[in-house]
**Student:** 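Let me begin by handing over the structure; questions about it come next.
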Amino acid sequence: MPLALLALAVGAFGIGTTEFVMMGLLPEVADDLNISLPTAGHLVSAYALGVVIGAPLLAALTARMSRRTVLIALMALFVAGNAASAFAPDYHWLLLARFASGLPHGAFFGVGAVVATTMVAPERKARSVSLMFLGLTVANIAGVPVATLMGQHLGWRATFLGVSAIGLAAIAALAALIPHDRVAPAHGGLRGELAALKSLPVWLALGTTVAGFGALFSAYSYITPMLTDSAGYADTSVTLLLALFGVGATAGNLLGGRLADHAMRATLFGGLVSLVVVLGAFPLLMSTPVSAAAGVVLLGVAAFVTGSPLQLMVMEKASSAPSLASSANQAAFNLANAGGAWIGGLALAAGFGVTSPALAGAVLAVLGLAVAGVAYAVDRRRMPVAVRERVVAAHLPQAAELLRH
């Protein structure tokens with residue numbers, strides 16, 4: 001694998017850290033700015049809104065630019081947003097800075113995924129994407145806990161200065177390791193880029209992302225009360241258990257990348273089925289401390305096995321605008337974050353029990369399976385007859401051999 005993937009992983013590490021660290025720093029921010037905890041929670045939403053808006057918009061607007069230049073520019077915007085967060089004089093400025101920090105998130109992963117796949121052989125595309133995403137999953141193991149501790153002991157502003165430093169390191173790595181490339185073709189300008197999103201298979205792939213990762217966040221958003229109220233862990237143990245989730249996510253991400261290079265569709269279906277099983281078993285897994293820890297790891301593995309195949313599928317379905325489609329998939333991921341948390345909250349509010357968000361997530365995972373099944377059926381129907389005949393002909397000798405035995 002090219003060393004240039006390390007540069008993408010460093011950028012992903014910084015982005016993953018700043019995305020999730022705010023959740024652990026809300027009490028410190030609320031106290032320092034004299035705002036309520038629910039009001040401080042809007043800072044998380046502002047970042048997610050920036051991702052949803054910025055991902056397709058920035059990818060479309062930079063479609064004619066060199067992807068190396070785009071990646072460096074996006075990381076520079078990331079640094080500026082986090083530095084502005086560190087020096088924000090009040091809540092409203094911090095809200096705006098968090099929104100700005102989220103703008104380059106989706107486009108960086110979207111363009112980065114395209115760059116990663118162009119640097120490797122076709123049979124290693126999924127693995128190259130998974131190695132870029134490795135920075136995001138490792139952030140949950142090391143970046144977020146360390147940044148949270150930094151914010152608790154040195155002040156929350158120090159955390160965002162630290163994240164800005166990671167961004168500067170990523171810029172240096174991108175400039176040194178990402179090869180120079182030619183300006184991407186225009187594909188009809190902005191209108192042509194957006195036209196690529198009109199395809200039904202693209203929307204079905206994006207819908208699978210929303211449902212599949214919505215299943216994850218329906219449970220993960222309420223993992224703390226499950227671990228404390230159901231499994232019996234102390235509040236002080238939750239940070240370590242969330243790091244275990246990061247370990248599972250890292251393992252699932254690497255496993256998904258390797259498997260998807262051999263059978264992308266089968267890997268996607270297998271991951272979604274695994275997610276249904278794990279989430280469905282959560283009420284039982286959360287009954288003891290040992291099984292709860294295992295459940296947290298399994299949740300990370302099952303969810304992130306699907307990451308690389310979903311990213312590649314969206315890119316393939318919009319081959320004329322892969323950067324835009326890939327970035328749109330990151331926007332779908334953040335919609336899943338917000339939607340999954342909302343649905344899990346509805347289950348809790350209805351009085352179904354502390355582990356009910358996981359069961360709601362299992363239902364969403366089943367929905368993701370259904371959407372993926374429809375996408376497969378649509379692909380089969382759209383496959384040219386000649387192609388279908390060649391596929392069948394290619395398998396006839398094997399079938400005849402099996403019949404002889």
Side-chain angles (χ1 to χ4, degrees), residues 16-17 19-28 37 44 136-153 212-256 271-307 337 340-341 343-365:
T17 300
E19 179 181 18
F20 294 109
V21 74
M22 180 57 79
M23 301 173 188
L25 295 179
L26 289 181
E28 286 75 18
L37 200 58
V44 177
L136 180 65
T137 57
V138 169
N140 284 282
I141 303 174
V144 174
V146 171
T148 301
L149 288 174
M150 180 187 296
Q152 291 170 346
H153 290 86
F213 277 96
L216 164 66
F217 286 110
S218 178
Y220 186 72
S221 300
Y222 304 96
I223 196 72
T224 296
M226 291 188 209
L227 291 170
T228 56
D229 299 350
S230 182
Y233 279 102
D235 292 340
T236 53
S237 303
V238 172
T239 300
L240 177 60
L241 290 164
L242 294 183
L244 286 179
F245 172 82
V247 172
T250 300
N253 173 55
L254 293 174
L255 178 64
L272 289 172
V273 169
S274 300
L275 194 56
V276 172
V277 172
V278 171
L279 289 172
F282 241 55
L284 179 61
L285 291 170
M286 288 293 147
S287 60
T288 69
V290 175
S291 61
V296 169
V297 176
L298 290 173
L299 179 63
V301 173
F304 279 86
V305 159
T306 64
N337 189 339
I343 290 174
L346 290 179
L348 274 179
F352 293 133
V354 70
T355 58
S356 61
L359 297 179
V363 175
L364 284 174

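Please read these numbers as outputs of a predicted model, since none were measured by experiment.
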**Student:** Residues two or more places apart in sequence or in another chain: which of them pass side-chain hydrogen bond (donor to acceptor under 3.5 Å, both in side chains) with Ser356?
**Tutor:**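 With sequence neighbours excluded, Ser356 shows a side-chain hydrogen bond (donor to acceptor under 3.5 Å, both in side chains) to no residue whatsoever.
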**Student:** Would you confirm whether Ser230, through its side chain, and Met286, through its main-chain N or O, come within 3.5 Å as a donor-acceptor pair?
**Tutor:** yes
**Student:** Testing Val278, Val277, Leu279 for side-chain contact (heavy atoms from CB on, under 4.5 Å) with Leu298, which one passes?
**Tutor:** Val278
**Student:** Please give me the minimum heavy-atom distance between Ala219 and Ala358, naming the atom from each residue.
**Tutor:** CB-CA, 3.9 Å
**Student:** Under 3.5 Å, side chain of Ser218 to main-chain N/O of Gly214, donor-acceptor pair present?
**Tutor:**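 No, the answer is negative, given that no donor and acceptor are paired below the 3.5 Å cut-off.
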**Student:** For Leu255, give me all partners under side chain to side chain contact (heavy atoms under 4.5 Å, CB included), at least two apart in sequence or on another chain.
**Tutor:** Leu259, Val305
**Student:** Provide the closest heavy-atom pair for Gly16 versus Ala139 in the form atom of the first, atom of the second, distance.
**Tutor:** C-CB, 3.8 Å
**Student:** With sequence neighbours excluded, give me every ring pair (Phe, Tyr, Trp, His ring centres under 6.0 Å) pair touching residues 272-307.
**Tutor:**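 Non-adjacent pairs meeting ring pair (Phe, Tyr, Trp, His ring centres under 6.0 Å): Phe213-Phe304.
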**Student:** Residues in side-chain hydrogen bond (donor to acceptor under 3.5 Å, both in side chains) with Thr355, at least two apart?
**Tutor:**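 Once residues adjacent in sequence are excluded, Thr355 has no partner under the side-chain hydrogen bond (donor to acceptor under 3.5 Å, both in side chains) criterion.
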**Student:** State, to 0.1 Å, how close Val21 and Ala147 come at their nearest heavy-atom pair, and which atoms those are.
**Tutor:**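 Looks like CG2-CB, 3.5 Å.
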**Student:** For residues Ala293 and Leu244, report the shortest heavy-atom separation together with the two atoms involved.
**Tutor:**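 It is CB-CD1, 4.2 Å.
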**Student:** Can you list everything that forms a side chain to side chain contact (heavy atoms under 4.5 Å, CB included) with Ser291? Sequence neighbours excluded, please.
**Tutor:**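 Ser291 satisfies side chain to side chain contact (heavy atoms under 4.5 Å, CB included) with Leu285, Ser287, Thr288 only.
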**Student:** Using 0.5 Å steps for rounding, measure from the OG1 atom of Thr228 to the CD1 atom of Ile223.
**Tutor:** 10.0 Å
**Student:** For residues Thr306 and Ala302, report the shortest heavy-atom separation together with the two atoms involved.
**Tutor:** CG2-O, 4.2 Å
**Student:** Restricting to side chain to side chain contact (heavy atoms under 4.5 Å, CB included), what partner residues turn up for Ala350, sequence neighbours left out?
**Tutor:** Phe352
**Student:** Which atom pair, heavy atoms only, marks the closest approach of Ala347 to Pro357?
**Tutor:**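 For Ala347 and Pro357, the tightest heavy-atom pair comes out as CB-N, 4.2 Å.
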**Student:** So how far is it from Leu241 CG to Leu227 CG, rounded to the nearest 0.5 Å?
**Tutor:**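 These two atoms lie 5.5 Å from each other.
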**Student:** Within this structure, what is the CE-CG distance for the pair Met226 and Leu348, rounded to the nearest 0.5 Å?
**Tutor:** 7.0 Å
**Student:** Run the numbers on Val138 and Thr250 for side-chain contact (heavy atoms from CB on, under 4.5 Å), then give the verdict.
**Tutor:** CA-CA 6 Å; Val138 169; Thr250 300; 4.2 Å; yes
**Student:** Once ring pair (Phe, Tyr, Trp, His ring centres under 6.0 Å) is applied, what residue pairs with a partner in residues 224-248 remain, sequence neighbours excluded?
**Tutor:**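 The answer is Tyr220-Phe245.
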**Student:** Name all residues meeting the side chain to side chain contact (heavy atoms under 4.5 Å, CB included) criterion together with Ala303; count only those two or more places apart in sequence or in a different chain, and write none if there are none.
**Tutor:**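 For Ala303 the side chain to side chain contact (heavy atoms under 4.5 Å, CB included) partners, ignoring immediate neighbours, are Leu216, Leu275.
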